[in-house]
Each structure stands twice: as C-alpha cells, then as structure tokens.
**Student:** 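Got a structure for you, written out below as structure tokens; questions coming shortly.
Computed from a predicted structure; not experimentally measured. Order of the sequence lines sets the chain letters (A, B, ...), proteins ahead of strands, with each chain counted from 1.
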There are 2 protein chains.
Amino acid sequence: MPKGPVTSPRLQDVAEAAGVSIATASRSLSGATGVSAPVAERVRETARTMGYVVNLHARSLAGGSTRSVGLLVHEIGDPYFSEIASGVLGVGAREGLTVQICHTGRDPERELAQLRMLIANRVGAIIIAGSGMVDPALQAPAKVELQAFRRSGGRVAVIGRHHLGVDAVLPDNTEGARSVAQHLLDLGHRRIAVAAGSRQLTTVADRLSGVEEAFAAAGLDVGDVPVVEADFTRAGGKVAADEVLSAHPGVTAVLALNDDMAIGVLSALRARGVSVPGQVSVTGFDDVAVAGDLAPSLTTVRLPMSEMGEQALLLALKDPGARPRRRQVGAELVVRGSSGRPPS
Amino acid sequence: MPKGPVTSPRLQDVAEAAGVSIATASRSLSGATGVSAPVAERVRETARTMGYVVNLHARSLAGGSTRSVGLLVHEIGDPYFSEIASGVLGVGAREGLTVQICHTGRDPERELAQLRMLIANRVGAIIIAGSGMVDPALQAPAKVELQAFRRSGGRVAVIGRHHLGVDAVLPDNTEGARSVAQHLLDLGHRRIAVAAGSRQLTTVADRLSGVEEAFAAAGLDVGDVPVVEADFTRAGGKVAADEVLSAHPGVTAVLALNDDMAIGVLSALRARGVSVPGQVSVTGFDDVAVAGDLAPSLTTVRLPMSEMGEQALLLALKDPGARPRRRQVGAELVVRGSSGRPPS
DNA sequence: GTGAAAGCGCTAACAA
DNA sequence: TTGTTAGCGCTTTCAC
C-alpha cells in the first residue's frame with residue numbers, strides 16, 4: 001500500500017543521534033546483553049523521543065526468526081471459531097506474537113491460497129482450526145504445502161481431526177456425542193432425529209459415530225434413525241428441522257451436531273409452534289457462549305474452545321517433537337432446559 | 001520462532017534453475033512487464049516445481065510496500081467484533097491482503113502496545129474497531145502514535161469512535177437509540193430503565209444522548225430515568241437487571257445499550273420469573289446474529305457490523321484524503337418479540 | 001528483453 | 001564493552 005516517501009527513523013538514525021554504532025544501538029533496543037547499562041538507557045531514550053519503531057521485516061530478514069503466527073478458520077464470524085481465535089490471540093499477546101487470521105470458508109482451494117500467503121509471510125507457526133475432510137484427497141495439496149513448511153522450520157498445529165500428520169488438539173467428539181445421545185435415551189426418547197452437517201466433515205462423522213454407538217448399545221436399530229444432512233449452520237438447522245417435522249412427525253427429540261444447527265432447529269420449531277422440550281427435545285454440541293442464554297437454554301456438550309485455541313498455539317510453539325503430538329480435550333455434557341422427557 | 005537451518009528455495013535458486021538472472025526471475029514472478037512471455041512462463045513453471053514461495057519480508061523491505069493490514073478489536077470472541085472482523089477479512093482476502101488481529105481488552109495501555117506492534121510490522125493500514133473513550137487524554141498516546149504512522153505513509157480508519165482525527169465509519173448511535181426509546185414510548189411505557197456500559201465509552205454516551213432526546217421530547221423528566229451503569233457485557237446486563245428489579249420495581253421496560261447486555265437482562269429476568277414482554281419489555285442494540293433466535297426474539301437496533309468492517313478497510317485503502325472522511329451507516333430499529341405494551 | 005549491482009533496515013559474527 | 005562489516009531475499013534503477 002504505502003508507496004510514497006515513507007520516512008520513519010531507522011536504527012541508523014537513532015545510533016547517530018545517540019552517538020553510538022548501529023550495532024550498539026541494535027543491542028540496546030533488542031535487550032541483548034553486552035551493552036553497559038547507561039549506554040543502553042541513553043539509546044532507548046533517544047529512540048523513544050525520535051519515535052523509532054523497529055522494522056520487523058528487516059529484523060526477521062536479518063535474524064531469520066519470526067514472531068508471528070497464522071490462524072486459519074472457516075469463518076471468524078462464527079462463534080465457534082471466534083472463541084478459538086480468542087484463545088489464540090490471548091496466548092499470542094502474552095508471548096509477544098502477532099497473529100494473522102484468514103478465512104477458508106470450508107473451501108479447500110481458498111484454504112490452500114491462504115496457507116501459501118501465510119507461508120510467504122514467513123510466519124513461524126500455523127494453526128488450522130475446524131473440521132477436516134473425511135476424504136484425504138481433498139486436503140492433499142495442503143498437506144504437501146504444510147510439510148514443506150515444516151521442513152523449512154515452521155510449526156503447525158490443527159484443532160480437530162485431520163489427515164495432516166501434525167500436532168493436534170482433539171476434542172472428544174465421539175464420546176461427547178455418545179453422552180448426549182445417552183442423555184436423550186435416559187430421558188426415555190426412542191424416536192430421535194439427528195441434524196447433521198455434511199458427512200464429508202470429520203467432525204460430523206466422529207460425532208455421528210458416537211451417536212450411533214449409544215443407539216446401538218440401547219438396542220436401537222441405527223438404520224431407523226433419521227439423519228438429516230444440511231449445512232452445518234443455523235440456516236441448515238432450520239432446514240433440517242423442517243424436514244424432520246414433515247418427514248418424521250413422530251420424532252420426540254432432535255439431536256443437532258453443533259449448537260449453530262441447534263439454534264436453527266429451536267428457531268424453526270418455535271416458528272411452527274412446537275414446544276421445547278414439551279413436545280420435542282433439542283440438544284446441541286459445542287456450548288457456544290450464547291447457548292446458556294437461549295430460551296429454553298440449550299442442553300449441549302461443552303468444548304473448551306478458547307482453551308483449545310490456547311493449547312494449539314502452545315503446542316505449535318513447543319520444540320518440534322519427533323512425531324505428532326495429540327492433546328485430547330474433554331467434551332462434557334451440559335444439561336439445560338431444552339431437553340426433557342418425551343410427551344407421554 | 002524458527003531459528004534452525006531454515007532452507008526454503010530463494011529467488012536466486014529459481015533464477016539459476018531457470019537459467020535467467022535474478023532480476024528477470026523477479027519480474028516474471030511479480031507479474032511485472034518487460035519479460036517475454038515464454039521466459040516468464042518458464043520461470044513461473046520452475047518456481048512452481050521447486051515449491052518456491054516469495055519471502056514477503058524481503059519483498060516489502062526492498063520494495064517499500066506492504067500487503068498487510070492490522071485490526072484492533074476489544075475482544076474477538078465478542079460477536080460484535082467477530083462480525084466486524086469477518087467483514088474486514090472478507091475484503092482483505094479479495095484484495096490479497098493479510099490481516100493481523102489484536103486484542104485490546106478495552107485497556108488503553110494494551111491498545112497502545114498492540115498499535116506499536118502493528119506499526120513495527122509495517123502494516124499498510126490499521127483499523128480500530130470499538131468505542132473510544134470520552135476522555136481524550138486516555139487516547140492521547142495512541143493518537144500521537146497513529147499520526148506518526150500516517151505521516152510515514154500508513155493509513156488508518158476507525159469504526160465507531162471519534163477524537164482520533166482519522167477516517168471513520170460511524171454508526172448512528174444517537175439516532176438508533178432515539179428510535180428504540182421512541183418505540184418503547186409509543187408502546188406506552190413511561191417507567192423505563194436503561195442498562196448502560198461505562199459512560200466513559202463514547203458509544204454509551206452517544207446512545208444515552210439519543211435515549212434522553214426521545215424522553216425529553218415525550219415530556220419525561222430525564223432525571224427520573226434510572227440509568228444503571230455496569231460492564232458492557234452479558235454479565236453486566238445481569239447485574240443491571242438485578243439492580244433494576246430491586247431498586248426500581250415499577251419499571252416496565254429495560255432499554256439495554258447493547259445486545260450483549262440485553263441478553264444478560266433477559267437471562268436475569270427469566271431467572272427471577274419475570275415474563276418478557278408480559279411484565280417487562282427488553283430491547284438491545286447492535287443486532288448480533290443470535291438476537292433473532294433468542295426467545296423471546298430481541299427487539300433491537302441493527303448495525304451492519306460486517307459491512308462496517310468492509311467499509312472501514314475500503315476507506316483505509318483509498319488514497320488518503322486531505323481531511324478525515326466519514327462514512328455514516330444507518331442504525332435501523334428491528335421490532336421483534338421482546339417488546340410489547342406495558343402491563344395495564 | 002535481459003542482466004549487473006545497489007540498496008531496503010536490520011542482526012550477528014568477528015575485530016578491536 | 002563497542003564498532004565494522006557481511007549478508008538476510010528481494011526490488012529496482014541503470015546499462016546493455
């Protein structure tokens with residue numbers, strides 16, 4: 001952008017003003033050892049009065065190191081990702097790192113383009129948040145890029161299951177889904193519909209398998225359980241709810257595979273005059289901040305998103321291990337007002 | 001971070017492999033003119049097969065220009081800011097810019113530190129989102145820093161704050177607040193409490209003045225209207241609601257100055273068994289994505305957050321004008337289920 | 001159309 | 001403790 005006469009003071013200028021060499025000035029300002037205290041202080045003072053700000057591009061070019069990380073999310077406006085981002089920004093600030101955030105829009109091509117951009121920016125670490133794809137082929141180009149990045153010294157961590165062969169923070173999607181399904185079964189529900197996102201998403205696949213596990217253990221025929229696939233969003237939840245109501249009118253509970261869909265389901269049920277949980281129970285997954293403030297408040301599975309973001313960055317910052325590390329994080333059932341006994 | 005032997009191919013390597021000079025290679029890859037088509041294509045092909053990725057630090061050092069922008073938000077986990085960020089990331093991606101996001105936590109000191117970091121990163125533009133402080137002294141250091149940044153060619157735009165003397169996207173807080181207050185008056189409410197954030201925030205001050213304007217026009221004594229000051233958050237909304245119920249039991253409507261507080265108010269009222277809008281009406285401000293999905297759905301004032309983010313970046317990207325530009329954005333009343341006539 | 005060479009602002013040997 | 005100097009990887013005159 002700036003193309004004109006950009007004129008910020010350089011280290012050179014500070015050094016001259018302070019009457020020292022550029023090397024001494026550099027050492028003073030970067031807090032390195034080997035400078036006498038009074039000299040260092042004088043340099044810092046001159047820099048301050050001149051409004052000098054180090055040029056990090058020059059620093060990282062010369063020093064070879066970077067103090068920045070990249071974060072790839074599907075959509076920052078989505079609470080799931082914004083809470084993860086919050087965690088990442090938090091430790092980033094603590095560690096003095098700058099964080100570059102990019103949208104992928106769940107599109108492998110855009111993901112790849114943004115990945116390249118981050119690599120071009122020579123970030124020290126890349127965090128990828130959000131579900132992977134069940135089909136490894138879709139992520140193959142990204143994998144190639146990432147491995148080259150790691151070979152050249154970059155660190156990578158992902159949140160959620162991926163076929164990327166890197167450090168990962170893994171929420172226990174299967175167990176979480178099993179527990180919320182079990183919760184509905186315990187309440188006495190037998191006619192349960194699942195509102196799911198695309199089965200191409202590993203998150204959906206994992207959660208679905210947890211649900212099926214619980215159903216199977218309860219002696220239900222998994223084949224009989226309607227699984228409605230729609231967008232993994234609020235709008236998708238509405239679509240799914242409408243389909244459930246029209247195609248499976250006897251259903252007494254809708255188990256949505258994320259909170260966003262659950263909110264859409266609640267909204268669609270309200271619009272149709274179906275009482276929750278009186279006629280139909282609804283559950284979600286993730287426990288986004290607003291889940292507890294909905295009416296009825298949403299029964300869901302809590303994932304510590306912010307903490308997952310923190311963990312991912314911390315993992316990436318660690319010395320690289322010989323093989324990929326995994327940080328399992330718990331998924332805890334949170335029972336609130338949207339689930340109850342089925343109508344008798 | 002990476003300190004070890006980082007070895008990505010350099011432009012030099014590509015040039016050698018393609019059998020051209022480094023200058024020609026540079027021109028070919030940056031899409032500059034003055035290279036024959038076949039040569040350019042050959043260079044690009046070699047670069048591709050070698051996995052070459054330009055080093056943007058080197059590029060901006062040499063070229064003096066940057067393709068990155070900084071975005072300062074109070075807290076990315078807050079939907080208000082995450083929706084703004086979404087807009088910024090959107091045009092950023094379209095324009096091929098990287099976006100660095102920082103938290104300020106509404107703390108002038110952290111804001112200043114993050115600002116310095118962005119400047120050190122030599123971003124081309126800085127976007128600051130979120131309310132400013134009524135007291136200009138609190139922002140004085142930031143203002144100094146920003147002006148130096150602009151003098152050295154940087155662009156700046158703010159969202160929803162004044163006093164900084166830069167391009168600004170300004171939601172019409174006063175008019176929006178006036179219209180929602182008028183809405184409550186039209187419904188017949190006379191005993192209205194306001195749930196406000198700190199009056200130190202310009203956003204709060206502006207919205208408050210709109211509310212008072214409406215009240216005064218209706219012949220109400222503004223001094224009689226209880227204004228409860230609390231955190232400008234969900235938790236603050238709960239606190240405010242509790243205080244309203246205990247100190248001003250006759251109130252028939254709570255006008256919250258943002259949706260976050262309104263959600264807290266709704267939650268507190270529900271906990272106390274107060275029906276909305278039967279006994280008490282509640283209104284918000286911002287229209288965050290979830291506002292329409294609450295129960296009752298929230299009457300509020302819509303701000304086009306995502307669009308505000310887009311506008312701000314577009315403004316910053318424009319050629320700098322002689323004097324600060326302002327993009328006024330409308331604040332539109334959205335009547336939903338949380339407001340109704342006062343109990344008779 | 002292509003190449004040689006001079007920096008961009010800084011860090012990090014190496015000398016003194 | 002301080003200074004000198006050689007790059008980091010790239011863009012961009014200026015010659016050819």
**Student:** Could you pull out all residues at least two apart from E307(A) that satisfy side chain to side chain donor-acceptor pair (under 3.5 Å)?
**Tutor:**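 With neighbours one apart ignored, the set is empty.
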**Student:** Please identify each residue that fulfils salt bridge (charged side-chain N to carboxylate O under 4.0 Å, His left out) with D167(B), with sequence neighbours left out.
**Tutor:**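 Partners of D167(B) by the salt bridge (charged side-chain N to carboxylate O under 4.0 Å, His left out) criterion, ordered by chain and then number, come out as R325(B).
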**Student:** Less than 4.0 Å between a side-chain N and a carboxylate O, is that true for R42(A) and E45(A)?
**Tutor:**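 Between R42(A) and E45(A) there is no salt bridge, as every charged N stays at least 4.0 Å from the carboxylate O atoms.
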**Student:** Quickly work out the Q12(A) CD to dC10(C) C1' distance and round it to whole Å.
**Tutor:**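 To the nearest whole Å, that distance equals 11 Å.
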**Student:** What donor-acceptor contacts under 3.5 angstrom involve side-chain atoms of residues 106-118 of chain A, with partners at least two apart or in another chain?
**Tutor:**
| from | atom 1 | to | atom 2 | distance (Å) |
| --- | --- | --- | --- | --- |
| D107(A) | OD1 | E109(A) | N | 2.8 |
| Q114(A) | NE2 | H103(A) | O | 3.4 |
| R116(A) | NE | E145(A) | OE1 | 3.3 |
| R116(A) | NE | E145(A) | OE2 | 3.2 |
| R116(A) | NH2 | E145(A) | OE1 | 3.3 |

**Student:** Five pairs at each end of the helix from dG1(C)-dC16(D) to dA16(C)-dT1(D): take the axis at both ends and give me the angle between them to 10°.
**Tutor:**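 Roughly 30°, once rounded to the nearest ten degrees.
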**Student:** Take atom CG of L29(B) and atom P of dC10(D), then tell me their distance rounded to the nearest Å.
**Tutor:**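 Roughly 9 Å, once rounded to whole Å.
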**Student:** When the distance from CD of E16(B) to P of dG9(D) is rounded to whole Å, what number comes out?
**Tutor:**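 About 13 Å, once rounded to whole Å.
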**Student:** Indicate every side-chain donor-acceptor pair of residues 82-101 of chain A with a distance under 3.5 Å to a residue at least two apart or in another chain.
**Tutor:**
| from | atom 1 | to | atom 2 | distance (Å) |
| --- | --- | --- | --- | --- |
| S82(A) | OG | P79(A) | O | 3.3 |
| E83(A) | OE2 | A289(A) | N | 3.0 |
| S86(A) | OG | E75(B) | OE2 | 2.5 |

**Student:** Quick one: side chains of residues 127-144 of chain A, donor-acceptor pairs under 3.5 Å with protein atoms, not counting sequence neighbours, listed by atom name and distance.
**Tutor:**
| from | atom 1 | to | atom 2 | distance (Å) |
| --- | --- | --- | --- | --- |
| S131(A) | OG | T202(A) | N | 3.1 |
| S131(A) | OG | T202(A) | OG1 | 3.2 |
| S131(A) | OG | T203(A) | N | 3.0 |
| S131(A) | OG | T203(A) | OG1 | 3.0 |
| D135(A) | OD1 | A137(A) | N | 2.9 |
| Q139(A) | OE1 | M133(A) | N | 3.4 |
| K143(A) | NZ | H163(A) | O | 3.3 |

**Student:** How many whole angstroms separate atom CG of L11(A) from atom C1' of dA12(C)?
**Tutor:**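 Value for this atom pair: 13 Å.
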**Student:** Are there any protein N/O atoms within less than 3.5 Å of an N/O atom in nucleotides 4-8 of chain D, and if so, which ones and at what distance?
**Tutor:**
| from | atom 1 | to | atom 2 | distance (Å) |
| --- | --- | --- | --- | --- |
| dC8(D) | O2 | L61(A) | O | 3.3 |
| dC8(D) | O2 | A62(A) | N | 3.0 |

**Student:** Tell me what S36(B) touches on the nucleic acid: a base, only sugar-phosphate, or nothing, going by heavy atoms under 4.0 Å.
**Tutor:**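 Contact class for S36(B): sugar-phosphate only.
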**Student:** Only pairs at least two apart or in different chains count here, so list each side-chain hydrogen bond (donor to acceptor under 3.5 Å, both in side chains) that has a residue in residues 10-19 of chain A.
**Tutor:**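 Pairs touching residues 10-19 of chain A that pass the test: R10(A)-D13(A).
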**Student:** Which residues pass the side chain to side chain donor-acceptor pair (under 3.5 Å) test with T24(A), not counting sequence neighbours?
**Tutor:**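 Residues passing side chain to side chain donor-acceptor pair (under 3.5 Å) with T24(A): S21(A).
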**Student:** Residues two or more places apart in sequence or in another chain: which of them pass side chain to side chain donor-acceptor pair (under 3.5 Å) with R326(B)?
**Tutor:**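 With neighbours one apart ignored, the set is empty.
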**Student:** Using a strict heavy-atom distance below 4.0 Å, which residues from residues 41-57 of chain A are in contact with DNA chain C?
**Tutor:**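 Those residues whose heavy atoms fall under 4.0 Å from DNA chain C, taken from residues 41-57 of chain A in numerical order, are Y52(A), V54(A), N55(A).
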**Student:** By salt bridge (charged side-chain N to carboxylate O under 4.0 Å, His left out), which residues pair with R27(B), not counting sequence neighbours?
**Tutor:**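 Per chain and number, R27(B) pairs via salt bridge (charged side-chain N to carboxylate O under 4.0 Å, His left out) with no residue.
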**Student:** Side chain of V20(B) only, please: which of dC10(C), dG3(C), dT2(D) is the nearest?
**Tutor:**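 The closest nucleotide is dG3(C).
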**Student:** Mind checking the CD-OG spacing from E41(A) to S36(A)? Nearest 0.5 Å is all I need.
**Tutor:**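 It is 11.0 Å, given to the nearest 0.5 Å.
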**Student:** I want to confirm an ordering. Mapping G34(B) and S30(A) to their closest nucleotides on DNA chain C, which one lands closer to the 5' end?
**Tutor:**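 The residue closer to the strand's 5' end, by nearest nucleotide, is G34(B).
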